[in-house]
**Q** 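Submitted below is the structure of interest, expressed as structure tokens.
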Amino acid sequence: MEMKQSNAHSNFADINEVEEEAEQEPQQQDNINNNNKRFSGYRGPNRGKQRPYKSFSRQVSLETGFSVLNRESKERDDKKSLPRSGRSFGGFEIGGTINGGDGRKADFSMFRTKSTLSKQKSLLPSIIRERDIENSLRTEDGETKDYSINENVSAGRYFAALRGPELDEVKENEDILLPKEEQWPFLLRFPIGCYGICLGLSSQAVLWLALAKSPATNFLHITPLINLVVWLLSLVALVSVSFTYILKCIFYFEAVKREYFHPVRVNFFFAPWVVCMFLAISVPPVFLSNRQYLHPAIWCVFMGPYFLLELKIYGQWLSGGKRRLCKVANPSSHLSVVGNFVGAILASKVGWSEVAKFLWAVGFAHYLVVFVTLYQRLPTSEALPKELHPVYSMFIAAPSAASIAWNTIYGQFDGCSRTCFFIALFLYISLVARINFFTGFKFSVAWWSYTFPMTTASVATIKYAEAVPGYPSRALALTLSFISTAMVCMLFVSTLLHALVWQTLFPNDLAIAITKRKLTREKKPFKRAYDLKRWTKQALAKKISAEKDFEAEEESRH
């Protein structure tokens with residue numbers, strides 16, 4: 001009887017957990033030998049009986065292994081929002097690891113300019129810091145995730161991690177490299193988008209010069225003194241913003257690099273040169289000393305850097321890659337096109353008509369490409385966030401500037417100028433009809449994106465009123481001029497209040513502190529557990545096939 005009972009028990013496959021103690025290994029070996037007898041055709045007294053799989057799952061200790069795998073998969077599937085404190089790389093505390101665990105504040109030196117002298121002075125601390133970051137990002141398998149701070153961030157990563165009027169706000173499920181709770185240094189909080197203020201003011205100088213000199217608005221008797229005041233104010237704004245941003249380039253060049261690779265802010269690197277050309281075009285008459293043309297050196301100084309940057313950006317659009325136009329196109333891309341028309345106007349004022357025609361042709365060709373791309377939104381392009389709607393007013397700027405440039409080059413508001421003007425007028429009306437596009441956003445520097453296109457459209461309307469005199473054209477010119485001036489005055493007062501009184505104009509610039517890739521706490525399953533699961537499936541398959549062969553032999557005997 002004892003022999004029969006032992007044979008009966010030997011039919012069960014008893015597989016213990018991998019992590020069990022060594023004293024149970026002899027028993028496992030005996031059970032495996034008995035199972036080998038069973039699979040090789042061994043016939044015991046219980047042959048022909050169907051054993052329920054329930055007893056097998058109760059005897060085999062693989063149940064624990066499956067529960068481990070299920071628990072890991074559940075933990076992996078649970079998507080928890082990452083803490084937005086900026087002190088963690090997806091759960092790895094930076095404050096205690098990178099900063100040495102002494103409770104110091106965030107290390108802003110990661111965005112500082114990397115010079116040879118600074119590397120020699122802080123070689124050892126930088127090595128320790130990089131090693132701590134690497135250790136904190138090391139997985140259990142010994143692999144290191146690449147979240148390098150100063151490497152280039154892809155354009156798609158900015159669209160995926162950011163939102164806001166100019167992609168300047170971090171989404172809820174994203175983490176950043178710097179803390180949000182404490183205030184960052186001023187230079188790190190100063191964005192390239194501040195040149196939008198200079199664009200709005202300098203374009204107003206052009207508008208008031210046109211209102212003072214245009215025959216269509218002579219009945220208003222506007223004094224050129226307004227143009228002088230606005231021009232000086234624009235010059236002060238340009239010098240202040242440029243000086244501050246040059247300091248940022250000197251001390252935090254790594255942050256400037258991140259702004260350059262930002263799909264929206266890269267277009268504002270054209271803005272300083274466009275502002276300079278606006279100031280050259282709208283220079284007050286008291287400074288001209290009866291000169292018919294400006295000096296050509298002015299055009300070379302202002303248009304040269306713009307043209308070089310233009311070759312770089314247009315080359316990226318043309319050659320493809322991750323920064324091709326269908327991937328990075330957004331309304332602010334018009335800034336890289338408008339400068340061609342403004343440069344054409346300035347070239348005609350210095351007496352270079354052929355150069356002006358060349359720039360107009362280049363600008364109009366690329367305007368058509370950007371216009372069609374933004375209208376189509378190809379399936380391969382990144383999704384355009386709804387918060388980018390305020391900068392849709394950039395659609396008006398390019399055709400308006402093209403109309404003014406053509407009129408300046410050829411001296412008449414002919415069919416081509418009117419075609420561009422009517423395109424701009426239609427886009428203006430279509431945006432006004434959808435006024436809800438421009439509501440629901442808190443005040444920021446991005447609001448200055450409204451002013452520059454509206455002012456350019458107003459100047460184009462004044463030129464149209466000169467070519468087509470009449471009450472409707474004059475009324476349209478005055479209406480658009482009043483709207484653009486009122487907008488600039490409102491934004492100028494709001495900017496002063498937020499900057500000087502409430503001190504909320506420059507919050508932490510979260511857009512430059514995003515990680516290169518999305519940080520998650522996802523872990524790979526343990527190798528042992530994976531091997532255990534695979535071995536279990538093979539063992540079950542062998543057992544089932546052996547039982548089927550055994551049943552087939554029994555049926556053939558009967």
Side-chain angles (χ1 to χ4, degrees), residues 192-199 201-203 205-206 231 234-250 253 256-257 259-262 265-283 287-288 291-319 323 325 332-367 369-370 394 397-398 401-402 404-406 408-409 452 456:
I192 186 69
C194 291
Y195 278 105
I197 302 175
C198 305
L199 278 172
L201 293 176
S202 59
S203 60
V206 177
W231 190 88
S234 304
L235 182 62
V236 171
L238 176 63
V239 172
S240 302
V241 173
S242 299
F243 178 75
T244 307
Y245 203 77
I246 289 173
L247 291 179
K248 183 176 181 178
C249 294
I250 295 174
F253 187 71
V256 175
K257 284 174 57 179
E259 287 194 296
Y260 176 77
F261 290 105
H262 193 286
R265 296 189 183 184
V266 64
N267 299 293
F268 282 92
F269 282 88
F270 293 95
W273 315 110
V274 177
V275 173
C276 292
M277 288 187 285
F278 271 143
L279 293 178
I281 293 171
S282 62
V283 60
F287 296 148
L288 290 178
R291 289 184 180 179
Q292 184 178 3
Y293 293 110
L294 297 174
H295 198 279
I298 297 177
W299 182 90
C300 296
V301 172
F302 295 157
M303 193 61 197
Y306 184 97
F307 190 74
L308 294 178
L309 183 60
E310 185 178 58
L311 290 178
K312 175 68 175 178
I313 300 300
Y314 289 1
Q316 292 177 352
W317 292 358
L318 182 63
S319 61
R323 298 187 182 274
L325 183 60
S332 63
S333 300
H334 287 101
L335 265 177
S336 59
V337 177
V338 171
N340 291 287
F341 301 122
V342 180
I345 296 173
L346 183 59
S348 64
K349 286 188 174 293
V350 301
W352 291 355
S353 60
E354 293 301 315
V355 174
K357 295 174 185 178
F358 167 77
L359 290 177
W360 193 95
V362 172
F364 191 75
H366 286 85
Y367 164 70
V369 175
V370 173
M394 289 286 186
I404 300 171
W406 186 275
T408 306
I409 295 171
F452 157 58
T456 309

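These numbers were taken from a predicted model, which means no experiment stands behind them.
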**Q** With a 3.5 Å distance limit and no angle check, can you tell me whether R265 reaches the backbone of V256 through a side-chain donor-acceptor pair?
**A** no
**Q** Between the main-chain N or O of A401 and the side-chain N or O of T456, is there a donor-acceptor pair closer than 3.5 Å?
**A** no
**Q** Is S240 reaching over with its side chain to a backbone N or O of A237, donor-acceptor style, under 3.5 angstrom?
**A** no
**Q** Side chain of W360, backbone of N340: donor and acceptor closer than 3.5 Å?
**A** no
**Q** For the backbone of G343 and the side chain of W299, can you confirm whether one donor and one acceptor N or O come within less than 3.5 Å of each other?
**A** yes
**Q** Any sub-3.5 Å donor-acceptor pair from S348's side-chain atoms to I345's backbone N or O?
**A** yes
**Q** For the residue pair F269 and L309, establish whether any side-chain heavy-atom pair is separated by less than 4.5 Å.
**A** yes
**Q** Any donor-acceptor pair under 3.5 Å linking the side chain of Y306 with the backbone of G339?
**A** yes
**Q** Taking Y245 for its side chain and Y195 for its backbone only, find out whether a donor-acceptor pair lies under 3.5 Å.
**A** no
**Q** Between F452 and F278, is the ring centroid distance below 6.0 Å?
**A** yes
**Q** So how far is it from F364 CZ to W406 CH2, rounded to the nearest 0.5 Å?
**A** 9.0 Å
**Q** Is the ring centre of W231 less than 6.0 Å from the ring centre of F287?
**A** yes
**Q** So do the side chains of F358 and E354 get within less than 4.5 Å of each other, counting heavy atoms only?
**A** no
**Q** Report the distance from atom CD1 of I409 to atom CD1 of I404, rounding to the nearest 0.5 Å.
**A** 12.0 Å
**Q** Has E259 got a side-chain atom pairing as donor or acceptor with V266's backbone, closer than 3.5 angstrom?
**A** no
**Q** Is the Y314 ring parallel, tilted or perpendicular to the H366 ring (thresholds 30°, 60°)?
**A** parallel
